[in-house]
Amino acid sequence: MYKAQLKPNDMKNTINFRTRVFKKAHLIASNTGKAFSYALKQAWKLYRLSKQLLSNESVRFTYKKVDGSIRVAYGTLKNISHLIKGNGAKNEKVFNYWDLESVGFRCFRIENFISIG
């Protein structure tokens, strides 16, 4: 199906992953005041993290908590649809994941992400 054949409602579904990465990069740049190139690198790291969380049972990653301490987390997003109990509004400023250590949903600010592994 070509873009010319898409209906207006279908255009919302054609937003690809690059658009989401650039939107996250813009959020990171505006929240931190850092250069867009740095924010874009962080956004791509978050994209890779989300892909790994969706495909693996356990992923190790690191981020800085709000209080300033560093947190090494083990999480996943694979096979957790039965654990979701609501349909609340999505907050683009945070990254959500299922924490395997505390057995619950956790989140962190996207600008505080450090690394995978």
Side-chain angles (χ1 to χ4, degrees):
M1 188 189 289
Y2 296 101
K3 281 193 174 186
Q5 295 173 338
L6 293 175
K7 297 176 184 172
N9 291 337
D10 292 337
M11 291 302 288
K12 291 179 185 176
N13 297 331
T14 61
I15 296 176
N16 62 18
F17 68 96
R18 288 182 196 91
T19 304
R20 285 182 262 144
V21 168
F22 271 79
K23 284 183 180 184
K24 278 207 188 302
H26 178 70
L27 277 172
I28 292 170
S30 64
N31 289 345
T32 61
K34 294 186 178 182
F36 187 74
S37 61
Y38 169 80
L40 193 56
K41 287 176 190 175
Q42 288 295 102
W44 278 111
K45 281 196 234 178
L46 286 166
Y47 173 74
R48 281 186 232 110
L49 175 64
S50 66
K51 294 292 277 184
Q52 285 186 14
L53 287 171
L54 285 168
S55 63
N56 297 330
E57 294 292 331
S58 176
V59 178
R60 180 180 185 257
F61 56 97
T62 309
Y63 62 91
K64 186 170 77 172
K65 292 171 49 173
V66 176
D67 65 2
S69 62
I70 303 296
R71 167 91 154 74
V72 177
Y74 293 89
T76 189
L77 290 174
K78 187 175 182 179
N79 301 328
I80 61 162
S81 58
H82 66 282
L83 301 170
I84 299 171
K85 294 186 176 154
N87 58 355
K90 178 115 171 92
N91 186 353
E92 295 296 329
K93 295 181 180 181
V94 297
F95 189 93
N96 300 309
Y97 67 97
W98 178 262
D99 194 326
L100 297 171
E101 294 172 328
S102 63
V103 190
F105 283 102
R106 297 288 180 261
C107 67
F108 59 90
R109 293 182 182 172
I110 58 174
E111 63 267 14
N112 291 343
F113 180 67
I114 298 172
S115 67
I116 301 171

Inset, instruction - Grab the two heavy atoms, one from Leu46 and one from Lys24, that are nearest each other, plus how far apart they are. - result: CD1-CD, 4.3 Å

Inset, instruction - Give the minimum heavy-atom separation between Arg60 and Val72, together with the two atoms involved. - result: NE-CG1, 3.5 Å

Measuring from atom [atom1] of [X] to atom [atom2] of [Y], what distance do you get when rounded to the nearest 0.5 angstrom?
X	Y	atom1	atom2	answer
Lys65	Arg106	NZ	CZ	9.5 Å
Lys51	Ser55	NZ	OG	7.5 Å
Trp44	Phe22	CH2	CZ	7.0 Å
Tyr47	Arg20	OH	CZ	7.5 Å
Asn96	Leu77	CG	CG	8.5 Å

Inset, instruction - Taking the side chain as every heavy atom from C-beta outward, state whether Tyr97 and Leu49 have any pair of such atoms under 4.5 Å apart. - result: no

Inset, instruction - Determine whether Trp98 and Leu53 make a side-chain contact, defined as any pair of heavy atoms from C-beta on separated by less than 4.5 Å. - result: no

Legend entry - Listed partners of Ala29 passing side chain to side chain contact (heavy atoms under 4.5 Å, CB included), at least two apart: Phe36, Ala39

Legend entry - side chain to side chain contact (heavy atoms under 4.5 Å, CB included) assessment of Ser58 paired with Thr76: CA-CA 5 Å; Ser58 176; Thr76 189; 5.9 Å; no

Inset, instruction - I would like to know whether Leu40 and Val21 meet side chain to side chain contact (heavy atoms under 4.5 Å, CB included); could you show each step before the answer? - result: CA-CA 8 Å; Leu40 193 56; Val21 168; 4.2 Å; yes

Inset, instruction - Examine Tyr63 together with Phe95 and report whether their ring centres are nearer than 6.0 Å. - result: no

Inset, instruction - With sequence neighbours left out, write down each residue that passes salt bridge (Lys or Arg N to Asp or Glu O under 4.0 Å) with Lys78, or none if nothing qualifies. - result: Glu57

Legend entry - With Arg48 via salt bridge (Lys or Arg N to Asp or Glu O under 4.0 Å) - residues at least two apart: none

Please report, to 0.1 Å, the donor-acceptor pairs under 3.5 Å made by any side chain of residues 108-117, with sequence neighbours excluded.
from: Glu111; atom 1: OE1; to: Asn31; atom 2: ND2; distance (Å): 3.4
from: Asn112; atom 1: ND2; to: Lys64; atom 2: O; distance (Å): 3.4

Legend entry - Under 4.5 Å side-chain linkage, directly or through intermediates, the cluster mates of Val94: none

Legend entry - Hydrophobic cluster of Tyr38, others only, ordered by chain and residue number, side-chain cut-off 4.5 Å: none

Legend entry - Joint cluster assignment, Val66 & Ile28, ILVMFWY side-chain distance < 4.5 Å: no

